[in-house]
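Shown next, in structure tokens, is the structure this report addresses.
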Amino acid sequence: MPHAFTLDRYSPVRFDAGHSLSSGEVDLLLESARRAPSAGNSQPWSFVVGRRGDRVHQRLRRHLARSAARWAPDASVLVANLAHRFVEDSDMEYSEFAHYDLGQAVAHMTFQAHTMGLFVHQFRAFDRDGVSHEFQIPAHWEVTSMAAIGMPVEGSRDMQGAGTGDERFPLQDITWERAG
């Protein structure tokens, strides 16, 4: 049976604060997200992207919850993930599948990071309203989650409850019904 590269994936709880990404590498991650499939090709996603040390990164850091503030600032890149809100009876283009589509875009970014030897920790431990206000996000966009991207340090899988990826339900528990 072929090896699923996701078997090596985990969400680091410590990043190498000395590792950095070039703007070209960040563009490659975003290009992978941009090319993700979406309902009706609506592409209902957007990102606030900060490389460690730049002004956007500093502004994102202000809104991290205490738990994420312990490890996320050391990541090479912080990304706030935005989904276009469903607006009924509106002339605006939208997708009722925006959250699903954003998830695909972030997954594509995660897979691209993996091919670059990087790791991604997706999280929700931050003030969504604070980020929206900080970056003047219009009401028809929803800040949904964040991702920290970078190089993990040795032992970054060892913290308890850190979402190392090892605690997964077995296949039979995630399958409703399946042919033999």
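Along the sequence shown, residues carry numbers from 1.
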**Phe47 reachable from Trp141 in the ILVMFWY side-chain graph, under 4.5 Å edges** = no
**Asked** Looking at Glu142 and Arg128, does any basic side-chain N land under 4.0 Å from a carboxylate oxygen?
**Response** yes
**Request:** Answer yes or no: is there a side-chain heavy-atom contact under 4.5 Å between Met146 and Leu64?
**Result:** yes
**Sub-4.5 Å side-chain heavy-atom contact between Tyr10 and Pro152** = yes
**Asked** To the nearest 0.5 Å, how far apart are CD in Glu134 and CD in Gln136?
**Response** 9.0 Å
**Prompt:** Between His84 and His140, what is the ring plane arrangement, given parallel below 30°, perpendicular above 60°, and tilted in between?
**Reply:** tilted
**Message:** Is a donor from one side chain sitting under 3.5 angstrom from an acceptor on the other, for Asn81 and Thr144?
**Reply:** no
**Message:** Please check if the number of heavy atoms outside Arg178 that lie under 6.0 Å from its CZ is greater than 12.
**Reply:** no
**Item:** Close side-chain approach of Ser20 to Arg52, heavy-atom, < 4.5 Å
**Value:** yes
**Asked** Between Leu60 and Val77, is there a shared hydrophobic cluster once you connect ILVMFWY residues whose side-chain heavy atoms come closer than 4.5 Å?
**Response** no
**Item:** Close side-chain approach of Trp45 and Leu82, heavy atoms under 4.5 Å
**Value:** no
**Message:** Between Ser23 and Arg51, is there a side-chain heavy-atom distance shorter than 4.5 Å?
**Reply:** yes
**Request:** Output the distance between atom OG1 (Thr110) and atom NE2 (His121), rounded to the nearest 0.5 Å.
**Result:** 11.5 Å
**Message:** Are the side chains of Pro44 and His99 in contact, using a 4.5 Å heavy-atom criterion?
**Reply:** no
**Message:** Rounded to the nearest 0.5 Å, what separates atom CG in Leu102 from atom OG in Ser46?
**Reply:** 9.5 Å
**Asked** In Å and rounded to the nearest 0.5 Å, what is the CG to OG distance from Asp101 to Ser38?
**Response** 5.0 Å
**Message:** Quick check: is Val79 connected to Val120 through a chain of hydrophobic side chains (ILVMFWY, heavy atoms under 4.5 Å apart)?
**Reply:** yes
**Asked** Is the gap between the ring centers of Trp71 and Phe123 under 6.0 Å?
**Response** yes
**Closest non-hydrogen atom pair, Gln104 against Pro37** = OE1-CG, 3.2 Å
**Complete:** Which of Val56, Leu29, Leu30 passes side chain to side chain contact (heavy atoms under 4.5 Å, CB included) with Val49? It is Leu30
**Message:** Against the six-membered ring of Phe119, is Arg9 placed for a cation-pi contact (under 6.0 Å from the centre, within 45° of the normal)?
**Reply:** no
**Fill in**
Of all heavy-atom pairs linking Arg34 and Gln43, the shortest is O-OE1, 4.1 Å
**Message:** I'd like to check Val143 versus Phe135 (side-chain heavy atoms, cut-off strictly below 4.5 Å). Are they in contact?
**Reply:** no
**Prompt:** Hey, is the main chain of Leu28 close enough, under 3.5 Å, to the side chain of Ser32 for a donor-acceptor pair?
**Reply:** yes
**Item:** Non-hydrogen side-chain atoms of Asp127 and Val131 separated by less than 4.5 Å
**Value:** no
